[in-house]
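Note that the numbering runs from 1 along the sequence shown for the chain.
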Amino acid sequence: MPRDEARIAAFDVIRAVDERDSYANLLLPRILRDRGIRGRDAALATELAYGTLRGLGTYDAIIEMCSDRAPDPDVRDALRLGAHQLLRMRVPPHAAVGTTVDLVRLRVGPGAAKFANAVLRKIASRTIEEWVPIVAPDADTDPVGHLAVAHAHPRWIVSAFRDALGGDAELPDLLAADNARPLVTLVARPGRSSVKELEEAGATPGRYSPYAAYLREGDPGQIEAVAGTRAAVQDEASQLVALALTRVPLDDDDAAAHGGGERWLDMCAGPGGKAGLLDAIATHGDTAAGPDGFPGGARLLAADVQFHRARLVWQTTRHADVVTADGTEPAWRPGVFDRVMLDAPCTGLGALRRRPEARWRRDPSAVAELGRLQRRLLGTALDAVRPGGVVAYVTCSPHLAETRVVVGDVLARRGDAEQLDARAHLPEVDGLGDGPHAQFWPHRHGTDAMFLALIRKRRP
Ligand SMILES: C[S@@+](CC[C@H](N)C(=O)[O-])C[C@H]1O[C@@H](n2cnc3c(N)ncnc32)[C@H](O)[C@@H]1O
């Protein structure tokens, strides 16, 4: 019988994530390449590994209900893989059970295979719709607990999303969007590439950003513009928050100061997604915007505390100055920048679609720790900008403690800055919330849940 390479590859990824804290999105492509797994087998291995990792919480609850003892970690990982096939994929039950039992026999041993067979048969006796009411808390008395199991998210994350959304109504849609594979979005860096060039390579124009294009199939790395860093893979909300910063008119007595000669800072730039777009606009202007757009002629300084991440920024930008620097201990003089991008280190709860295992790794204690760093960085960002200039505070997390609360706390402590209505600088996008900040959502916009606050430093 031929070896089931796709399932073995998926199992090895799940084991490595469980046992060694590996990152599935880094490990899986390497395994597929090393083992020569391509085409449909590669697609199957990807769905098996990513789908299983996303659904861990739900599958574990069902496995526990079907087992008379706690399975060893390697058997549990195989059962998770089997549960995913039985409950969420259209794999016929006999094939899902048979292939998983074969896998356990191959990777663990014959005794464990017997146990796996018994557990999988019990799992197969019900559909996911039948299992959820059995293993999840009651939807009426504990809606958050229910959604956490039904949509395979940790409870604290569901709670945080509910707080950020301001209620339960959209939660199921948001959680479902988190479980769907995101569309690959490209950015055509202005002056260096164009959406038209990306269309010729098979992409279709984006919905909101004038520089975005969606790639529905194929490897973005094979596109010439991407290989040459003239274009890149970049979520559309990431593009829009960078664009919004460049669109804010500066508060100037001398209107001529807007445009040529501006100095921009990207304080947490690695690996360089936003810096790549800011660098292109700084140099060539907001080419899609016509005469009202930023005309170009600005200079970007991009910094990151980690040398290897600063190096990635250097590799992707053309004209920017790039330094390794700690934003909390600035290597630049205060009050010299016209525009500052602070894309702060955060929990990344807004990008759970991209890293299947990330939701199970994050720990709520990280929120408080990151909050302290976010406050310090926002303070130094406001010190770095000149009066009349503007800071963009961005997180790839909708968690209130990383977004509105950070901005509110920092502004309450200093009297020299005020929040602008960020939505006014994103007129092409609806549904960004009650303001003054802008909050993107996967289920509303098809983007990561990116947060943007625009803050003006007041003139004395
Ligand atoms: C959310 S990521 C930035 C993503 C980036 N702006 C992009 O679009 O590709 C946050 C970055 O902040 C950096 N960072 C963390 N602490 C920092 C500090 N004290 N000073 C400067 N950079 C820091 C991290 O190394 C990480 O690269």
Side-chain angles (χ1 to χ4, degrees), residues 54 143-144 147-148 151-180 182 185 208 234-242 244-245 268 273-274 341-356 358-371 373-375 377-378 392-411 419 421-423 425-426 429-455:
R54 279 196 192 97
V144 167
L147 288 169
H151 293 276
H153 279 65
R155 186 187 179 98
W156 71 275
I157 294 182
V158 179
S159 267
F161 287 171
R162 183 176 63 170
D163 293 346
L165 281 166
D168 292 346
E170 293 178 57
L171 261 181
D173 287 348
L174 169 60
L175 300 174
D178 254 358
N179 287 339
T185 307
Y208 304 112
Q234 185 174 41
D235 181 70
E236 204 164 4
S238 281
Q239 301 179 31
L240 289 163
V241 295
L245 173 64
C268 294
K274 292 177 192 69
M341 166 60 71
L342 169 54
D343 188 12
C346 70
T347 54
L349 295 190
L352 297 181
R353 308 178 301 161
R354 300 185 186 284
R355 299 220 186 107
R359 67 191 69 175
W360 309 112
R361 290 242 173 99
R362 296 276 179 272
D363 177 344
S365 67
V367 176
E369 203 175 302
L370 283 161
L373 178 58
Q374 289 157 351
R375 282 171 180 75
L377 287 166
L378 182 51
Y393 176 77
V394 172
T395 57
C396 189
S397 166
H399 198 306
L400 294 181
E402 301 185 82
T403 57
R404 280 189 252 172
V405 175
V406 169
V407 175
D409 282 359
V410 172
L411 293 193
Q419 239 193 118
D421 191 339
R423 300 165 307 165
H425 302 284
L426 294 165
V429 193
D430 286 330
L432 291 172
D434 298 334
H437 57 272
Q439 177 64 64
F440 288 85
W441 290 106
H443 64 292
R444 288 191 199 163
H445 306 104
T447 64
D448 290 342
M450 191 80 63
F451 171 89
L452 166 70
L454 290 172
I455 304 164

Closest contact, heavy atoms only, A453 versus Q419:
CB-OE1, 3.6 Å
Euclidean distance, S159 OG relative to L171 CG, rounded to 0.5 Å:
9.0 Å
Does R354 come within less than 4.0 Å of D235, counting only side-chain N to carboxylate O?
yes
Kindly determine whether F451 and R404 satisfy side-chain contact (heavy atoms from CB on, under 4.5 Å), including the steps that lead there.
CA-CA 9 Å; F451 171 89; R404 280 189 252 172; 4.1 Å; yes
Determine whether V241 and D343 satisfy the following criterion, side-chain contact (heavy atoms from CB on, under 4.5 Å), listing intermediate values before the conclusion.
CA-CA 10 Å; V241 295; D343 188 12; over 6 Å; no
Any W156 side-chain heavy atom under 4.5 Å of H399 side chain
yes
N179 side chain to H151 main-chain N or O, any donor-acceptor pair under 3.5 Å?
yes
Quick one: salt bridge (charged side-chain N to carboxylate O under 4.0 Å, His left out) pairs with a partner in residues 432-441, sequence neighbours left out?
none
Go through the structure and list residues passing side-chain contact (heavy atoms from CB on, under 4.5 Å) with E170, not counting sequence neighbours.
L165, H443, R444
Could you give all pairs that pass the salt bridge (charged side-chain N to carboxylate O under 4.0 Å, His left out) test and reach residues 155-164, with sequence neighbours left out?
D142-R155, R162-D168
Once you round to the nearest 0.5 Å, how far does NE2 of H153 lie from CG of L349?
9.0 Å
May I ask you to decide if P154's main-chain N or O and R362's side chain share a donor-acceptor pair within less than 3.5 Å?
no
Side chain to side chain contact (heavy atoms under 4.5 Å, CB included) partner of M450, the single match among V394, T395, T403, L240:
V394
Main chain of D430, side chain of H445: is a donor-acceptor contact present, judged purely on distance under 3.5 Å?
yes
Using side-chain contact (heavy atoms from CB on, under 4.5 Å), reason through E402 and V367 one step at a time and then give a plain yes or no.
CA-CA 7 Å; E402 301 185 82; V367 176; 4.2 Å; yes
If I take atom CG from residue L352 and atom CH2 from residue W360, how far apart are they, to the nearest 0.5 angstrom?
10.0 Å
In Å, rounded to the nearest 0.5 Å, how long is the span from SG of C346 to CG of L373?
10.5 Å
If I take atom CG from residue L411 and atom CD1 from residue I455, how far apart are they, to the nearest 0.5 angstrom?
5.0 Å
Spatial distance of atom CG (L432) from atom CZ (R423) [nearest 0.5 Å]:
8.0 Å
Whether over 12 other heavy atoms sit under 6.0 Å from R375 CZ
yes
Dump the intermediate steps for side-chain contact (heavy atoms from CB on, under 4.5 Å) on F440 and V429, then the final yes or no.
CA-CA 9 Å; F440 288 85; V429 193; 3.9 Å; yes
Counting N and O atoms only, with roles assigned by atom type, does the side chain of E236 sit under 3.5 Å from a partner on the main chain of T447, one being a donor and the other an acceptor?
no
